[in-house]
*Asks:* 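Provided herewith is a single structure, encoded as structure tokens, for subsequent inquiry.
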Amino acid sequence: MGTSNGSKSLTPGPSPPDPSPTAPGCGNGAMMGSFGIFLQGLLAVMAFSILMLKRLREPKHERRPWKIWFLDTSKQAIGMLFIHFANVYLSDLTGEDPCSIYLINFLLDATLGMLLIYIGVRVVSCIVEWRQWESLRFGEYGDPVQCKAWVGQCALYIVIMMFEKTAIVLVLLIPHLKEVAKVKPIKNPQLELATVMLIVPFFVNALMFWVVDNFLMKKGKTKAKTEEREGSPDSRNGTTVRYRRTASYDESESEILISADDEMEESDGEDDLRRLTNSKPVKKKKHRFGLPV
């Protein structure tokens, strides 16, 4: 008879639970991956196009030459690259979603950072004017253009950006601000990366680049303008002296003195000439240096 060998068949136990799915959001290093680098390169081209559009929108009498425009915008590009890679580095230091941390950094740079950049440029400009460092005036590179002027201005702007980024990092230390990084409305990592690295920065940079370029460009007026101001009575005969001021692209000013003596001298000279030639006086409309009275 068949006897059982006493061996028991082993029934398989319950299978171990599957590992928990990956939390939504881009992971560490995603920004420096192939897709992230592609988005950053595309954003750089679009941002540079915004600056070119700004130049074309400038009035012709105020439009900067291409060389001056490139020197102005290159300073901003170097500063923005510093801020961008600082944000990428800081986003990987925390245990939160890097894309969310980067977006918080970027939005703070575009709001509070914009104000800090403006204050920094104004303070530096006041110090430069006080010390009379002509080569460090933002937007002025000498005639002919000097490379050392651009290097000095670029170094000053990077110092301003370092000040701005340090202040933003201190703001990020606020405890409740990190709670915002836990909000992850976008579940697809690539879509979140494209939103954080391209879509949102494009619209914000369009405004930011436009405004910062106005900070860094030369403040001179390129359209010739004239203004008249009344002066004190002339010490010679008590007549009122008027000046006409003209301003050019390089802010050089020339003043033309227009006084009543000029008319008197011109009138006396014409009378003497008529008496010598026995000619009749000719009525004509008086002009002052080609300007109708």
Side-chain angles (χ1 to χ4, degrees), residues 47 50-51 54-55 57-83 86 108-170 205 207-232 241-257:
I50 292 295
L51 293 174
K54 180 181 182 298
R55 182 189 179 275
R57 293 286 297 174
E58 293 174 354
K60 290 185 178 180
H61 53 266
E62 297 181 1
R63 189 173 299 169
R64 292 164 288 178
W66 280 108
K67 188 174 185 179
I68 302 299
W69 173 85
F70 177 78
L71 294 176
D72 286 343
T73 55
S74 59
K75 290 183 297 187
Q76 184 175 179
I78 293 175
M80 290 304 176
L81 284 176
F82 169 78
I83 293 295
L108 286 175
D109 289 328
T111 51
L112 178 60
M114 182 80 70
L115 176 62
L116 295 176
I117 292 172
Y118 173 76
I119 295 175
V121 171
R122 294 294 296 175
V123 170
V124 169
S125 298
C126 291
I127 295 175
V128 168
E129 291 296 329
W130 173 54
R131 301 293 297 179
Q132 290 298 312
W133 293 329
E134 296 184 359
S135 62
L136 295 181
R137 291 192 181 106
F138 286 118
E140 298 184 18
Y141 309 101
D143 188 15
V145 175
Q146 299 178 1
C147 182
K148 65 178 183 179
W150 177 86
V151 173
Q153 295 175 31
C154 189
L156 284 179
Y157 186 64
I158 292 177
V159 171
I160 295 173
M161 301 303 282
M162 292 175 64
F163 160 75
E164 182 267 341
K165 193 69 245 178
T166 302
I168 295 300
V169 170
L170 295 177
N205 281 338
L207 174 63
M208 191 173 180
F209 281 23
W210 201 290
V211 174
V212 174
D213 186 55
N214 289 331
F215 295 164
L216 300 180
M217 66 185 293
K218 185 177 179 180
K219 299 303 184 295
K221 296 180 177 59
T222 57
K223 181 179 180 180
K225 68 173 185 178
T226 60
E227 62 177 9
E228 293 184 359
R229 57 183 175 87
E230 295 294 331
S232 59
V241 178
R242 292 190 304 164
Y243 295 88
R244 180 172 296 275
R245 175 179 297 170
T246 59
S248 60
Y249 177 82
D250 57 355
E251 289 184 335
S252 61
E253 295 183 352
S254 59
E255 293 184 348
I256 303 174
L257 177 63

*Asks:* Please confirm whether the backbone N or O of W69 pairs with a side-chain atom of R64, one donor and one acceptor, at under 3.5 Å?
*Replies:*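 Such a contact is absent between R64 side chain and W69 backbone.
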*Asks:* Does the side chain of W150 reach to within under 4.5 Å of the side chain of V145, using non-hydrogen atoms?
*Replies:*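 No, their side chains stay 4.5 Å or more apart.
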*Asks:* Run the side-chain contact (heavy atoms from CB on, under 4.5 Å) test against I158 and tell me which residues pass, sequence neighbours left out.
*Replies:*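 If we apply the side-chain contact (heavy atoms from CB on, under 4.5 Å) test to I158, skipping adjacent residues, the hits are I78, C154, M162.
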*Asks:* Under a 3.5 Å distance rule, please check whether Q153 uses its side chain to pair with a backbone N or O of S135 as donor and acceptor.
*Replies:*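 Indeed, once roles are kept as given, a pair shorter than 3.5 Å links the two residues.
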*Asks:* If you measure from CG on L156 to CH2 on W133, what distance do you get to the nearest 0.5 Å?
*Replies:*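 Those atoms lie 8.5 Å apart.
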*Asks:* Under 4.5 Å between any side-chain heavy atoms of V211 and Y118, yes or no?
*Replies:*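 The answer is no; the side chains never approach within 4.5 Å.
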*Asks:* Are any non-hydrogen side-chain atoms of N205 and I50 less than 4.5 angstrom apart?
*Replies:*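 N205 does not reach I50 side chain to side chain.
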*Asks:* Are any of the side-chain heavy atoms of M161 and K165 separated by less than 4.5 Å?
*Replies:*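 No, their side chains stay 4.5 Å or more apart.
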*Asks:* Would you call K75 and F70 a side-chain contact if the rule is heavy atoms closer than 4.5 Å?
*Replies:*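 SC-SC contact between K75 and F70 ruled out.
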*Asks:* Going by atom types only, do D72 and Y141 share a side-chain donor-acceptor pair under 3.5 Å?
*Replies:*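 Yes, Y141 and D72 have a side-chain donor paired with an acceptor closer than 3.5 Å.
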*Asks:* Enter the distance from S125:OG to R137:CZ here, rounded to the nearest 0.5 Å.
*Replies:*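 So the OG of S125 and the CZ of R137 are separated by 10.0 Å.
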*Asks:* For the pair D213 and R55, find out whether any cationic side-chain nitrogen is under 4.0 Å from an anionic carboxylate oxygen.
*Replies:*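 Answer for the salt bridge query: no.
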*Asks:* Take atom CH2 in W66; do more than 12 heavy atoms of anything else shown fall under 6.0 Å from it?
*Replies:*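 Enclosed: over 12 neighbouring heavy atoms sit under 6.0 Å from CH2 of W66.
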*Asks:* Could you go through the side chain to side chain contact (heavy atoms under 4.5 Å, CB included) check for F209 and T73 one step at a time?
*Replies:* CA-CA 9 Å; F209 281 23; T73 55; over 6 Å; no
*Asks:* Quick one: pull up OH in Y157 and CD1 in I117 and give me the separation to the nearest 0.5 Å.
*Replies:*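 With rounding to 0.5 Å, OH (Y157) is 4.5 Å from CD1 (I117).
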*Asks:* With side chain to side chain contact (heavy atoms under 4.5 Å, CB included) as the criterion, how do N214 and W210 come out once you've worked through the C-alpha distance, each side chain's angles and the decisive distance to 0.1 Å?
*Replies:* CA-CA 7 Å; N214 289 331; W210 201 290; 4.1 Å; yes
*Asks:* Let me confirm one number: the CE-CD1 distance from M208 to I83, rounded to the nearest 0.5 Å.
*Replies:*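 Rounded to the nearest 0.5 Å, the CE-CD1 separation comes to 7.5 Å.
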*Asks:* Quick check: does any side chain N or O of E164 sit under 3.5 Å from a backbone N or O of M114, one acting as donor and the other as acceptor?
*Replies:*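 No.
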*Asks:* Find the distance between CD1 (I168) and CG (L108) and round it off to the nearest 0.5 Å.
*Replies:*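 One gets 5.0 Å once the value is rounded to the nearest 0.5 Å.
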*Asks:* Taking atom CD1 of I160 and atom CZ of R122, what is their separation to the nearest 0.5 Å?
*Replies:*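 CZ of R122 is found 11.5 Å from CD1 of I160.
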*Asks:* Any donor-acceptor pair under 3.5 Å linking the side chain of E129 with the backbone of C126?
*Replies:*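 The answer is no, because no donor-acceptor pair under 3.5 Å joins these two groups.
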